Participant: 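One structure, pasted below without further comment.
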Amino acid sequence: MIEIRWHGRGGQGAKTASLLLADVAFNTGKFIQGFPEYGPERMGAPITAYNRISDTPIRIHSNIYEPDYVVVVDDTLISAIDVTKGLKNDGALLINTSLNLEEIKKFFPNYFGKIYTIDASKISTECLGANFPNTALLSAVIKITNIMNKEQLEKNMLNSFKHKFAKKPDVIEPNMEAVRRAWEEVKGGN
Amino acid sequence: MIRERLSGNEAVAVAMRQINPDVVPAYPITPSTEVPQYFSSFMANGSVDTEFIPVESEHSAMSACIGASAAGARVMSATSSQGLSLMYEMLYIASGMRLPIVLTCVNRAVSAPINIHNDHSDSMGVRDCGFIQLYCESNQEAYDNLIMAVKIAEKAMLPVMVCFDGFITSHSVENIELLEDDIVKQFVGKYEPEHYLLNPNEFISMGPLDLQNYFFEHRKQLADAMKDSKRIIEEVSEEYAKISKRKYNLIENYRMDDSKIAMVVLNSTAGTAKEVVDKLRDEGIKVGLVKPRTFRPVPVKELVESLKDMKAIAIMDKADSINGFCGPLYSEITSALYSEGLNIPTVNYIYGLGGRDVKTSDIEDVFRSLLKIAKDGKKSQTTYYLGVRE
């Protein structure tokens, strides 16, 4: 079983991203859980969401305290809360940031696992003309967690976008471009 | 069988779409709001022909359920917490009039202080109102129990409350296996009440004044109906197993066969506790779990049968009776054991109030303390508040 914890700020779509990831994993035949930790739900306040992905039925219904992966949607959170709390050293941390890998690593002197960065906001702005980092971030998460390969992801996302954007077909290709770019542009892991 | 991924609320709304009840009166309250919300989208797109009544309060929601059900309609609603509290007066009327209303209760704490998260204070607070109560571990169980509830209610002539955990089950997306629409429709069939107000061939009164002469007998009939509902629940569950391949009993025994130590726990925490049972068994420690599916009626015989050879038992209550002693599940289950002449060291844990997360380590602590009680043959205290800060 893979356990993933998401950190974002209210309104940025961390919950949606966790549900999208659950969807994608479900489509590959896995058992999934996707759930947010509901708090006061203020715009901008730190929020947490979770995923479990497994080959067998999932029975556990607690929050995740020792995740395999942590995804940070907003890099201003890394100095506000301890995003690596409980994160396994053989797991990985993925951060949406415009900072480079060396700069990011300085924030985590006590975390010895892998660290990845992706500038999902930049990819989103360039591909979609607006800051909706979820699609790019999702692509990066799937790459580092090995939930599926690039071809499977593209096929899966294309189907999902065709459904989601049935009335706006011209945004499908820009979203696919964000998926492909994020797959290539995720950095780190050494 | 349809492989899907849905939240608990979505699963229940889908079951309601498949059932296509005649009338759904509802008033929104977190975390059950999504149930009528999703259901009203099914109405808007024409996949059900239900009469939806957006009422002005939960008291009115249950009142409208009662009116419609008495008229002869198949009726469903959903609520949580304060909403259920506001229905309180009408719940007794629904059962006293023997109306087969199906109510989804998405379990949430009851104020004060204000808290929107899960515990079982709401449904436990109305445990004596005459509703059958079915408790669900997962979205799958919520879906299955809701479909069965329709048939149970109509056969028992009792209202049924289907209870599952707010947010933990209601808002978490998980895998689920759905039945085909026509299979569900065929299973629940057409509702044909024996007596109803809109029957032009029979003029009756329902719920009139009933004083010293007959009231007592009518209450005894209600008590008998609840007692007899055990058999009906078992029959309906048997029938449901044929179409779903999922068999539900009044209680679920998990790895109890050679166990001397047991935990009794409702709803989603049972899933978390099963993980712990497996972990301890891997270490060679023989523990087991009992999950009541019904709390009304109390499955006395089944509980006694499962627990009679235990050396130590922990009964978990996600609600407190504030009685200076113990929680509701503890009080009734130990009473069942005592009535059968059993005196087993049994402890009570009040846990997870207001959505306090229940970790596997919390459950493991409970099992480890039971090991000590089983070894010593005695306990030092009856009621604990699991993980609370003093």
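Keep in mind the model is a prediction, meaning the values are calculated, not measured. We name chains A, B, ... by the order of the sequence lines, and we start the count at 1 in each one.
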Participant: Give, as side chain, backbone, both or neither, the part of A/Ile32 having an atom under 4.5 angstrom from any heavy atom of chain B.
Facilitator: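 Contact with chain B is through both the backbone and side chain of A/Ile32.
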Participant: Measure the CE-CD distance between B/Met124 and B/Gln133 for me, rounded to the nearest 0.5 Å.
Facilitator: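 Going from CE on B/Met124 over to CD on B/Gln133, the span is 6.0 Å.
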Participant: Does NZ or CZ of B/Arg3 come closer than 6.0 Å to the centre of the six-membered ring of A/Phe26, within 45° of the ring's axis?
Facilitator: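 That pair qualifies as a cation-pi contact.
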Participant: Please verify the inter-ring angle class for B/His171 with B/Phe167; under 30° counts as parallel, over 60° as perpendicular, anything in between as tilted.
Facilitator: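 Taking B/Phe167 first and then B/His171, their aromatic rings sit tilted (interplane angle of 30° to 60°).
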Participant: With only heavy atoms counted, which part of A/Pro36 is less than 4.5 Å from chain B, the side chain, the backbone, both or neither?
Facilitator: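 Interface part for A/Pro36: side chain.
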Participant: Given the options B/Glu275, B/His117, B/Arg5, which has more heavy-atom pairs under 4.5 Å with chain A than any of the others?
Facilitator: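 It is B/Arg5.
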Participant: Please state whether the side chain, the backbone, both or neither of A/Tyr65 comes within less than 4.5 Å of a heavy atom of chain B.
Facilitator: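 It is the side chain, since no backbone atom gets that close.
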Participant: Taking atom types as modelled, is there a side-chain donor on A/Glu3 or A/Tyr50 under 3.5 Å from an acceptor on the other?
Facilitator: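 Note: A/Glu3 and A/Tyr50 side chains miss the donor-acceptor criterion.
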Participant: Decide, yes or no, whether a salt bridge links B/Arg356 with B/Asp362 under the criterion of side-chain N to carboxylate O below 4.0 Å.
Facilitator: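 Answer for the salt bridge query: no.
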Participant: Using non-hydrogen atoms and a 4.5 Å limit, figure out which bit of B/Asn267 sits close to chain A: side chain, backbone, both or neither.
Facilitator: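 Contact with chain A is absent: no heavy atom of B/Asn267 under 4.5 Å.
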